[in-house]
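Here's the structure, in structure tokens; my notes come after.
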Amino acid sequence: MPRSRTRAEHGASAVEFALVIPFLVLLLFGMITTGFAYNDHLSITNAVREGARYGAAVDYSPASANWATSVRDRVKQVYFNAGNTITDAQICVKLVKADGSAFAPTVSNVAWTGADCGSPPSKPAGMAAGSCAVMVWVAKPARIQLVIAPDLNFNIGADSVAYYGRTVKPDCPAE
């Protein structure tokens, strides 16, 4: 014969539910915002890779800031995460010689590197003498919201290096 539940057992279920629900909310919101952060990382990685490929194909002119600005603009065009943006300060661009030194724009008041983009990637090992590489890297703040616990704040970063395929006299011959 089945036993009937007492009133005390009904209250125990409510207490158990009240104890478990905060952890379920934490888990649910943590998974959702972690998914958004991962999506943002994938989007930034794709944008940086495309920026480096674009920079490797566009003519560089030492007397102009247009090359780095064009590369930065390409990164911003390809980055497509709704509600999020990347600023110029978060995008860094550098054209590097095989010896590790970087080209610098000869136009005054022009900076190729942003202030908040983190540390640059290392130059490719075994670069042939006279060759150049385009380096593009981004660092962007991100947050995972846990609702009942403190938010997790961190930086999403991505970098890409591509061999420069144009001529920059006297150092980078076209291949």
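Following chains of ILVMFWY side-chain contacts shorter than 4.5 Å, one can reach Val25 starting from Phe17, so the two form part of one hydrophobic cluster. Leu26 and Ile144 fall within the same hydrophobic cluster, defined by Ile, Leu, Val, Met, Phe, Trp and Tyr side-chain heavy atoms under 4.5 Å apart, directly or through other members. If you chain together hydrophobic residues whose side chains sit under 4.5 Å apart, Ile148 and Ile21 fall into the same group.
Using modelled atom types, no side-chain atom of Lys97 and backbone atom of Ser131 make a donor-acceptor pair closer than 3.5 Å. Judged by distance alone, the side chain of Arg143 and the main-chain N or O of Phe154 form no donor-acceptor pair under 3.5 Å. When atom types are taken as modelled, the side chain of Tyr164 and the backbone of Val58 share a donor-acceptor pair closer than 3.5 angstrom. Side-chain N or O atoms of Thr33 include one that pairs as donor or acceptor with a backbone N or O of Gln145 at under 3.5 Å. Judged purely by atom type and a 3.5 angstrom limit, Gln90 uses its side chain to pair as donor or acceptor with the backbone of Thr87. Listed for the Trp67 side chain is a donor-acceptor partner under 3.5 Å among the backbone atoms of Gly55. Side chain of Asn155 to backbone of Gly157: no donor-acceptor contact under 3.5 angstrom is found. The backbone N or O of Ser160 lies less than 3.5 Å from no partner atom in the side chain of Trp137, so there is not a single donor-acceptor pair. With hydrogens and angles disregarded, a donor-acceptor distance shorter than 3.5 Å links the side chain of Thr34 to the backbone of Gly30.
The side chain to side chain donor-acceptor pair (under 3.5 Å) check on Gln77 picks up Arg74, with sequence neighbours excluded.
One distance of note links CE of Met135 with OG of Ser122; it measures 6.5 Å at 0.5 Å rounding. To the nearest 0.5 Å, atoms CD1 (Ile91) and CG (Asp73) are separated by 8.0 Å. Atoms SG and CG, on Cys92 and Asp116 in that order, are 8.5 Å from each other to the nearest 0.5 Å.
Ala98 and Gly130 get closest at one heavy-atom pair: CB-N, 4.1 Å. Nearest heavy atom pair, residue Thr85 against residue Lys140, reads O-CE, 3.4 Å.
Contact annotation: the side chain of Glu50 never approaches that of Val75 to less than 4.5 Å [non-hydrogen atoms, C-beta and beyond]. Inter-residue side-chain proximity for Val136 and Asp159 is flagged as unmet; no heavy-atom pair is nearer than 4.5 Å. Under the 4.5 Å side-chain criterion, counting only non-hydrogen atoms from C-beta, Lys76 is in contact with Asp88. The shortest side-chain heavy-atom distance between Pro121 and Val161 falls under the 4.5 Å cut-off. Counting heavy atoms from C-beta on, the side chains of Leu152 and Leu146 come closer than 4.5 Å.
For the residue pair Asp40/Tyr79, the side-chain donor-acceptor check at 3.5 Å is satisfied.
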Apply side-chain contact (heavy atoms from CB on, under 4.5 Å) to Tyr163 and Cys132, showing your working.
CA-CA 6 Å; Tyr163 281 102; Cys132 289; over 6 Å; no

